[in-house]
Asker: 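Just passing along the structure, written as structure tokens.
Throughout, protein chains are lettered first and strands after them, A, B, ... in sequence-line order, and every chain is numbered starting at 1. Just so we're clear, the structure is a prediction, and the values are computed from it rather than from any experiment.
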2 protein chains.
Amino acid sequence: MTDTLQRLLVKLKRRSRFDAADEAALLGLPFTVKTLEPGHYLVRQGERADFTCVLLEGFAYRQKIVGDGGRQIIALQVPGDAVELQNSLLKIADHSVQALTAITMARIPRVDLLDIAARCPAIAHAFWLDTLVDGSIAWEWIANIGRRDAQMRLAHLLCECAVRLEVVNAASGDSDTLPMTQEQIGDALGLTPVHVNRMLKLLELDGLIARRARTIVILDAVRLRSVADFQSAYLHLNLLED
Amino acid sequence: MTDTLQRLLVKLKRRSRFDAADEAALLGLPFTVKTLEPGHYLVRQGERADFTCVLLEGFAYRQKIVGDGGRQIIALQVPGDAVELQNSLLKIADHSVQALTAITMARIPRVDLLDIAARCPAIAHAFWLDTLVDGSIAWEWIANIGRRDAQMRLAHLLCECAVRLEVVNAASGDSDTLPMTQEQIGDALGLTPVHVNRMLKLLELDGLIARRARTIVILDAVRLRSVADFQSAYLHLNLLED
DNA sequence: CGTAACCTTGAGTAATGTCAAGACTGGTGG
DNA sequence: CCACCAGTCTTGACATTACTCAAGGTTACG
């Protein structure tokens with residue numbers, strides 16, 4: 001169907017302006033839809049990636065395995081994200097992408113993506129901006145992991161997830177929630193699962209969050225943000241208005 | 001003079017192919033040359049950046065200040081890098097860029113850069129790739145800070161700097177070296193300067209590096225890389241051949 | 001030759017990791 | 001419907017890494 005890629009279009013339009021021809025070209029991209037179970041790989045480190053995947057439903061994360069076997073989650077991806085721009089354009093994947101939940105995605109051949117970028121400057125610009133924002137998020141993660149203590153780090157991640165999910169949920173009408181295990185949270189923050197557990201308990205005792213049936217609910221977003229030193233500027237959500 | 005932007009061209013051509021028109025357009029970009037003393041700002045967090053700066057000589061770094069006053073260096077920039085793509089296209093700078101050494105740079109108005117990207121798909125693609133590589137480096141830094149201990153982290157940074165400097169020095173014929181203080185190294189690695197000092201001593205005792213007059217010399221690159229768990233794939237230096 | 005910035009080192013402290021055991025949860029098959 | 005099982009969560013005791021504070025040494029530069 002023609003509106004499968006709508007989600008990608010909606011996302012890109014949050015930061016770029018398209019004319020009718022651009023929109024038609026984007027929605028006209030060839031693709032195949034695939035579904036994946038939790039834990040399955042979209043791409044493995046070291047592989048050649050000839051497709052770009054647009055996440056339609058569900059969540060994914062990027063990860064690197066370091067020498068001693070440790071894992072670091074380096075990014076989270078939500079529906080609408082084009083998760084394989086990086087690995088696809090850089091050809092040899094320098095990290096893996098894995099499904100966090102069950103996902104559906106649209107796979108677009110690299111050549112078609114490059115072709116549309118060459119023909120439609122506005123679309124090329126939109127993808128470029130998207131990449132810049134991903135970089136901006138990565139830099140914030142560096143600051144988060146490098147210079148904040150465990151409690152702030154965790155609070156910051158919770159704030160980021162809340163904001164990004166809000167945007168996605170608003171776009172889709174759903175109200176998804178991110179079902180990460182404490183081990184995964186730890187791997188995203190450079191902490192051990194045990195310590196994540198303790199910090200969650202701390203945040204809960206402070207009345208900032210609640211935990212029910214393995215999902216985390218933010219009770220006091222204002223205070224959580226101040227604990228986390230969280231400012232959403234780095235997500236560049238309102239680029240059109242700047 | 002017309003070859004001031006040569007350095008940028010050389011860098012982009014490492015990863016993209018241009019025809020004569022593309023090269024002429026790039027070299028024809030309007031710019032003004034500026035010099036900056038060590039420690040001076042190219043852009044400050046929160047400011048609006050209307051220029052993109054191409055580093056011609058010297059080094060710079062990007063940094064974020066977190067809530068409690070701590071500083072995290074999130075990226076290093078070497079000659080040839082277009083250091084303000086991010087802040088310039090995202091309009092409001094979400095981090096600062098500061099001169100590490102005395103630098104000279106070419107400032108290109110944002111509108112001209114956007115214009116050339118819209119007119120020359122190959123150039124737009126080259127900038128996009130460049131941004132992707134910056135993101136790839138950021139992700140490696142996340143893994144480095146999040147999942148390696150202090151000694152590995154430091155060794156990894158030294159390996160990265162060595163490789164990147166080698167590329168730049170080969171391009172320019174110089175043999176620059178990165179004069180970071182131990183405090184700056186610590187801020188790049190999420191460590192305190194005191195601990196950086198101890199880890200340097202450790203690496204020196206192991207015969208991996210030597211220190212003379214405040215510069216670090218790598219004595220055993222092979223062993224240092226293995227200590228660091230360093231693989232240069234994430235720098236994507238050989239993209240044309242992949 | 002004096003000064004400021006930087007480096008070096010030691011001693012004590014705080015944050016986070018490690019190991020291990022038990023409790024909970026959700027799904028599966030009998 | 002129940003029992004079981006694997007995966008996850010929770011907690012405690014202890015180990016280790018990295019941080020803090022502080023003092024003295026070194027280097028570059030005016």
Asker: Which residues pass the salt bridge (charged side-chain N to carboxylate O under 4.0 Å, His left out) test with B/Arg225, sequence neighbours left out?
Answerer: none
Asker: Atom CD1 of A/Ile216 to atom P of D/dT8: distance rounded to whole Å?
Answerer: 15 Å
Asker: Test your reading of the model: is there a side-chain donor-acceptor pair from A/Arg148 to the backbone of A/Arg153, 3.5 Å cut-off?
Answerer: no
Asker: Using whole Å, report how far CZ of B/Arg148 lies from P of D/dA18.
Answerer: 14 Å
Asker: Send over the distance from A/His195 NE2 to C/dT18 P, rounded to a whole Å.
Answerer: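 Atom NE2 in A/His195 sits about 12 Å away from atom P in C/dT18.
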Asker: Just the table, please: protein N/O against nucleotides 7-9 of chain C N/O, every pair under 3.5 Å.
Answerer:
from	atom 1	to	atom 2	distance (Å)
C/dC7	OP2	B/Gln182	N	3.0
C/dT8	OP1	B/Arg211	NH1	3.3
C/dT8	OP2	B/Gln182	NE2	2.7
C/dT8	OP2	B/Asn197	ND2	2.6
C/dT8	OP2	B/Arg211	NH1	2.7
C/dT8	O5'	B/Asn197	ND2	3.2
C/dT9	OP2	B/Lys201	NZ	3.3

Asker: Return all side-chain donor-acceptor pairs below 3.5 angstrom for residues 199-206 of chain A, not counting sequence neighbours, or 'none' if the list is empty.
Answerer:
from	atom 1	to	atom 2	distance (Å)
A/Glu204	OE1	A/Arg211	NE	3.3
A/Glu204	OE1	A/Arg211	NH2	2.8
A/Glu204	OE2	A/Arg211	N	3.4

Asker: Quick one: B/Asp187 CG to C/dC6 P, roughly how many Å, whole number?
Answerer: 12 Å
Asker: Quick check on B/Glu166: does its CD atom have over 12 non-hydrogen neighbours (other residues, nucleotides or ligands) under 6.0 Å away?
Answerer: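 Open: at most 12 neighbouring heavy atoms sit under 6.0 Å from CD of B/Glu166.
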Asker: Please report how far the helix from C/dC1-D/dG30 to C/dG30-D/dC1 bends, comparing the axis fitted to its first five pairs with the axis fitted to its last five, to the nearest 10 degrees.
Answerer: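 Helix axis angle between the two ends: 40°.
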Asker: How would you label the contact of A/Gly190 with the nucleic acid (heavy atoms, under 4.0 Å): base, sugar-phosphate, or nothing?
Answerer: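 Sugar-phosphate contact only.
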Asker: Please name all residues satisfying salt bridge (charged side-chain N to carboxylate O under 4.0 Å, His left out) with A/Arg223, sequence neighbours left out, ordered by chain then number.
Answerer: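 Salt bridge (charged side-chain N to carboxylate O under 4.0 Å, His left out) list for A/Arg223, sorted by chain: A/Asp220.
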Asker: In chain order, what residues pass the side-chain contact (heavy atoms from CB on, under 4.5 Å) check against A/Thr181, with sequence neighbours excluded?
Answerer: A/Glu183, A/Gln184
Asker: Can you list, in residue-number order, the parts of residues 151-162 of chain B that come under 4.0 Å of DNA chain C, counting heavy atoms only?
Answerer: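 Of all residues in residues 151-162 of chain B, none places a heavy atom under 4.0 Å from DNA chain C.
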Asker: For residues 31-44 of chain B, tabulate all N or O donor-acceptor pairs below 3.5 Å that involve a side-chain atom, not counting sequence neighbours.
Answerer:
none

Asker: Rounded to whole angstroms, how far apart are CD1 on A/Ile185 and P on D/dT10?
Answerer: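 Atom CD1 in A/Ile185 sits about 10 Å away from atom P in D/dT10.
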Asker: Give the table of side-chain donor-acceptor pairs shorter than 3.5 Å for residues 53-76 of chain B, with sequence neighbours excluded, one pair per line with atom names and distance.
Answerer:
from	atom 1	to	atom 2	distance (Å)
B/Glu57	OE2	B/Arg7	NH1	3.2
B/Tyr61	OH	B/Arg71	NH1	3.1
B/Tyr61	OH	B/Gln98	OE1	3.3
B/Arg62	NE	B/Gln77	OE1	2.7
B/Arg62	NH1	B/Val83	O	3.3
B/Arg62	NH1	B/His95	NE2	2.9
B/Arg62	NH2	B/Gln77	OE1	3.4
B/Arg62	NH2	B/Val83	O	2.8
B/Arg62	NH2	B/Gln86	OE1	3.2
B/Gln63	OE1	B/Arg71	NH1	3.1
B/Gln63	NE2	B/Gln98	OE1	3.1
B/Lys64	NZ	A/Glu140	OE1	2.5
B/Asp68	OD1	B/Gly70	N	3.0
B/Arg71	NE	B/Asp187	OD2	2.7
B/Arg71	NH2	B/Asp187	OD2	2.8
B/Gln72	NE2	B/Asp187	O	3.0
B/Gln72	NE2	B/Ala188	O	3.2

Asker: Determine which pairs satisfy salt bridge (charged side-chain N to carboxylate O under 4.0 Å, His left out) with at least one residue from residues 93-102 of chain A, sequence neighbours left out, and list them in order.
Answerer: none
Asker: Using side chain to side chain donor-acceptor pair (under 3.5 Å) as the criterion, list what pairs up with B/Asn197, not counting sequence neighbours.
Answerer: B/Gln182
Asker: In whole angstrom, what separates A/Ile145's CD1 from C/dT16's C1'?
Answerer: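 From A/Ile145 CD1 to C/dT16 C1': 15 Å.
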Asker: My understanding is that only residues two or more places apart in sequence, or in another chain, count here; which of them pass side-chain contact (heavy atoms from CB on, under 4.5 Å) with A/Ala138?
Answerer: B/Ala138, B/Trp139, B/Ile142
Asker: Starting at atom CG of B/Asp68, determine the distance to atom P of D/dC19, rounded to an integer number of angstrom.
Answerer: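 Going from CG in B/Asp68 over to P in D/dC19 covers 13 Å.
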Asker: Distance check needed: D/dC19 P versus A/Asp149 CG, whole Å only.
Answerer: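 Atom-to-atom, A/Asp149 to D/dC19, this comes out as 12 Å.
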